[in-house]
Protein chains: 2
Amino acid sequence: MKYLDKLRNSGLRPTKQRLQICEILFDTEKTFHFTINELDKKIKDKIDDKISLATIYNTVHAFEKKGYLKQIPINSNQIYFDTNVTGHHHFYDLKDGKLIDLENSDVGPINIKRKINGKKIKSIEVLVKLEE
Amino acid sequence: MKYLDKLRNSGLRPTKQRLQICEILFDTEKTFHFTINELDKKIKDKIDDKISLATIYNTVHAFEKKGYLKQIPINSNQIYFDTNVTGHHHFYDLKDGKLIDLENSDVGPINIKRKINGKKIKSIEVLVKLEE
DNA sequence: ACAGCTATTTAGAACCATTATAAAGTAGAG
DNA sequence: CTCTACTTTATAATGGTTCTAAATAGCTGT
Ligand SMILES: [Mn+2]
Ligand SMILES: [Mn+2]
Ligand SMILES: [Zn+2]
Ligand SMILES: [Zn+2]
């Protein structure tokens, strides 16, 4: 199994459900963005076993904690996740609610000049909203 | 009344509730960030009349539509609003969930090199997450 | 001032994404 | 194989936000 070690090495038991979700999330050429609802639909499409919604939530959160997924900061009634966990940015199309990756090279270096005492920077994310 | 014209000029009737909310939101030296829940508490503290939660939601959304407030893109179970509607950025302290303004001058110019066909850029917002 | 019209407020219900619960099932260690 | 901790699951609960529809209030024209 392709993802057995990935899971074992993170201290996550490689259950059938987790392995199937791994295939949907990580077996693709390109990375992608998704909501839980979209992932649930994709699972129903692509696999014949049923995976409960609770397990989908549990798994996505477990993967996020391990750094295999990240949330995208955006105002929406649903959480958007990203299978691209490298530092990068996003276009957000206000018309259709879709996200498009913006590579670091498309944005250029961002130099935060202000410091906050006792805190360090964990991430810098740019959201570029698009309209017609 | 200080906010009568502001409201009338936007096509919003200057009701007692809207005028009172204006005072809480816009009568301050500094701009600030808030959730609906925090605004509701502040209203209970500062004014003696009761304003229903539905009216608070209605008013905040009306003000946002008129450009007197904006939402801050961030992952949270609640929407964060900002009384600072100029283009600027934010630190987000993951420890306590608080936002701190980052002026454009603290970030430097951001040059988005990539274009999306048929779309134009409405806003560019940077979120800098802080950890210990 | 008054009538008539429309916008607004309101309490409460509904909505719905997410989280909690607790019982049944499963993986891995020994 | 057994034991235990972890995981899955159906289902309920939670909680922020939106909807509903009836009451109220601002505004325009007279
Ligand atoms: Mn199927
Ligand atoms: Mn009071
Ligand atoms: Zn992305
Ligand atoms: Zn701000």
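Chain naming here is simple, since letters A, B, ... match the order of the sequence lines and numbering starts at 1 in each.
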Decide whether [X] and [Y] meet the rule of one side-chain donor and one side-chain acceptor closer than 3.5 Å.
X: A/Thr35; Y: A/Asn37; answer: no
X: B/His88; Y: B/Asn104; answer: no
X: A/Thr83; Y: A/Tyr68; answer: no

[N] [atom2] sits how many Å from [X] [atom1], rounded?
X: A/Asn58; N: C/dG25; atom1: CG; atom2: P; result: 18 Å
X: B/Asn37; N: D/dT14; atom1: CG; atom2: C1'; result: 14 Å
X: B/Gln78; N: C/dT18; atom1: CD; atom2: P; result: 15 Å
X: B/Leu39; N: D/dT17; atom1: CG; atom2: P; result: 12 Å
X: A/Lys65; N: C/dT19; atom1: NZ; atom2: C1'; result: 14 Å

Notebook entry, point to check: Do the side chains of A/Leu19 and A/Leu39 join up, straight or via other hydrophobic residues, at under 4.5 Å, putting them in one cluster?
Noted result: yes
Checklist line | Quiz item: cation-pi between B/Lys2 and B/Phe26, 6.0 Å / 45° | finding: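 Judged by the rule (NZ or CZ under 6.0 Å from the ring centre, within 45° of its axis), B/Lys2 is not positioned above B/Phe26.
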Notebook entry, point to check: Has B/Lys50 got a side-chain N or O lying under 4.0 Å from the OP1 or OP2 atom of C/dA11?
Noted result: yes
Next item on the list: Establish, with yes or no, whether the OP1 or OP2 oxygen of C/dT10 is under 4.0 angstrom from a side-chain nitrogen or oxygen of B/Thr55.
Entry: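 Yes.
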Check: Given that B/Leu4 and A/Gln17 both sit by DNA chain D, which one's nearest nucleotide is further toward the 5' end?
Finding: A/Gln17
All N/O pairs under 3.5 Å across the protein-nucleotides 18-26 of chain D interface:
{"unit_1": "D/dG26", "atom_1": "N3", "unit_2": "B/Arg13", "atom_2": "NH1", "d": "3.3"}

Next item on the list: Taking only Lys NZ, Arg NE, NH1 and NH2, and the carboxylate oxygens of Asp or Glu, determine whether B/Lys129 and A/Glu125 approach each other closer than 4.0 Å.
Entry: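 Looking at A/Glu125 together with B/Lys129, the answer is yes, because their closest N to O distance falls below 4.0 Å.
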